[in-house]
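Worksheet: one structure, shown below.
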Amino acid sequence: MPELPEVETVKRGLTPAMEGTRITKLELRRGDLRFPFPDAFADRVSGRTIVSLGRRAKYLLVDLDDGNTLISHLGMSGSFRIEEGAASGMPGEFHHARSKDEKHDHVVFHLEGASGPRRVVYNDPRRFGFMDMVGRADLAAHPFFRDLGPEPTGNELGAAYLAERFQDKAQPLKSALLDQKNIAGLGNIYVCEALWRAHLSPIRAAGTLVTAGGRPKAQLDLLVASIRDVIADAIAAGGSSLRDHIQTDGSLGYFQHSFSVYDRESRACRTPGCGGTVARIVQAGRSTFYCATCQK
């Protein structure tokens, strides 16, 4: 599944092409993706103007001028490409080469803006993505969002908040960080990277970062800073672009080349002076990469 930096990268790529445009037609080439489309989806979206694009956790949000918000999740292989001009197959600046196979083009936004017509095409070979629509005022109460914790880049995430969530918890630290009720949008790759930066073991109990009085230890302050930094670095690099996830302009992100621990099993730890080796273990069915020498 895409992680937060990949979704943020897609949002930033789509924003200049979609914000302020009118959707002259929403073309659905099948009745469903992972789930069926909402009732009368094409009719409700066609004719509307796109006010803004946003992101919550790993969901893309498209705010429309009638007060509704279109929700899009990329699933495992979903991607968007932008085609300038009204004619089909006329790639513009943001052509996504993997999407040439039109049998996987399932949703087409026909747009009209100040610079003329364009199409935004959603392509998804595995069809694990999905789209939904909800009133903006009801977004926070939607089942996708109502139990989500704060964003890892937002002001609400702090050591005091995590101390409250982690107090007396025997749950492994990595599992606690992946719990979307604690932090929204934080995924496996970047949890591994953040724990490495903070020199914390993924298998230690989350509650060990909190004092008996419920206050955050210095290690928890360092972890929060590491989470913020690793997400910011990945967004700046355009996301990890692992497997099927590439940017809307077709270029690859380069953060994957600077992974310090993820997918580096049996290789030397990159912590200066550590001398340890990266190990791979499985936690809750997912690969965890860490250095037992410097991550305590």
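Model, not experiment: these values are computed from the prediction.
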Does this structure show an ion pair linking Glu27 with Arg29, if we count only N-O contacts that are shorter than 4.0 Å? yes

Would you mind checking if Arg22 and Glu112 are paired as a salt bridge, meaning a charged N to carboxylate O distance below 4.0 Å? no

Is any NZ, NE, NH1 or NH2 atom of the basic residue among Asp138 and Arg146 found under 4.0 Å from an Asp or Glu carboxylate oxygen of the other? no

Sorted by chain and residue number, the side-chain contact (heavy atoms from CB on, under 4.5 Å) partners of Thr15 (sequence neighbours excluded) come out as Lys11, Glu19, Leu53

Do the side chains of Trp196 and Cys269 get nearer than 4.5 Å, heavy atoms only? yes

Carboxylate-amine/guanidinium proximity below 4.0 Å for Arg136 and Asp63: yes

Flag the pair Phe35 / Phe128 as yes when their ring centroid distance falls below 6.0 Å, and as no otherwise. no

Main chain of Tyr161, side chain of Glu164: is a donor-acceptor contact present, judged purely on distance under 3.5 Å? no

Please determine, by modelled atom types, if Arg215 and Thr211 share a side-chain donor-acceptor pair under 3.5 angstrom. no

Taking Val134 as the starting point, is it possible to reach Leu61 by hopping between hydrophobic residues whose side chains are less than 4.5 Å apart? yes

Salt bridge present between Arg197 and Glu193 (N-O < 4.0 angstrom): no

Do you know the tightest heavy-atom contact between Lys58 and Leu186? NZ-O, 4.4 Å

Between the side chains of Asp263 and Arg280, is the shortest nitrogen-to-carboxylate-oxygen separation below 4.0 Å, so that they form an ion pair? no

Using 30° and 60° as the class limits, which term best fits the ring planes of Phe37 and Phe41: parallel, tilted or perpendicular? parallel

No-hydrogen, no-angle side-chain donor-acceptor test under 3.5 Å, Arg270 and Ser260: no

Do the side chains of Val51 and Met133 join up, straight or via other hydrophobic residues, at under 4.5 Å, putting them in one cluster? no

Interatomic spacing from CG in Asn123 to CD in Glu102 - rounded to 0.5 Å: 9.5 Å

With a 4.5 Å cut-off on side-chain heavy atoms, are Gln295 and Leu195 touching? yes

Side-chain ion pair, Arg48 and Asp65, N-O less than 4.0 Å: yes

Test item: Arg81 and Glu83 side chains (from C-beta on) under 4.5 Å apart, heavy atoms: yes

Would you call Arg56-Glu151 a salt bridge at under 4.0 Å N-O? yes

Taking the inter-plane angle between the rings of Tyr59 and His73 on a 0 to 90° scale, is it parallel (under 30°), tilted (30 to 60°) or perpendicular (over 60°)? perpendicular

So CG of Leu74 and CG of Leu33: to nearest 0.5 Å the spacing works out to 11.0 Å

Arg34 with Asp32: basic N within carboxylate O range, under 4.0 Å: no

Side-chain donor-acceptor pair present, Ser46, Lys25, cut-off under 3.5 Å: no

Look at the side-chain heavy atoms of Ile, Leu, Val, Met, Phe, Trp and Tyr, link any pair under 4.5 Å apart, and say whether Ile50 and Phe80 land in one connected group. yes

Yes or no on ring pair (Phe, Tyr, Trp, His ring centres under 6.0 Å) for Phe130 and Phe144, after CA distance, side-chain angles and deciding distance? CA-CA 12 Å; Phe130 56 86; Phe144 294 158; 5.1 Å; yes

Would you say that Leu111 contacts Met18 through its side chain, given a criterion of any heavy-atom pair below 4.5 Å between the two side chains? yes

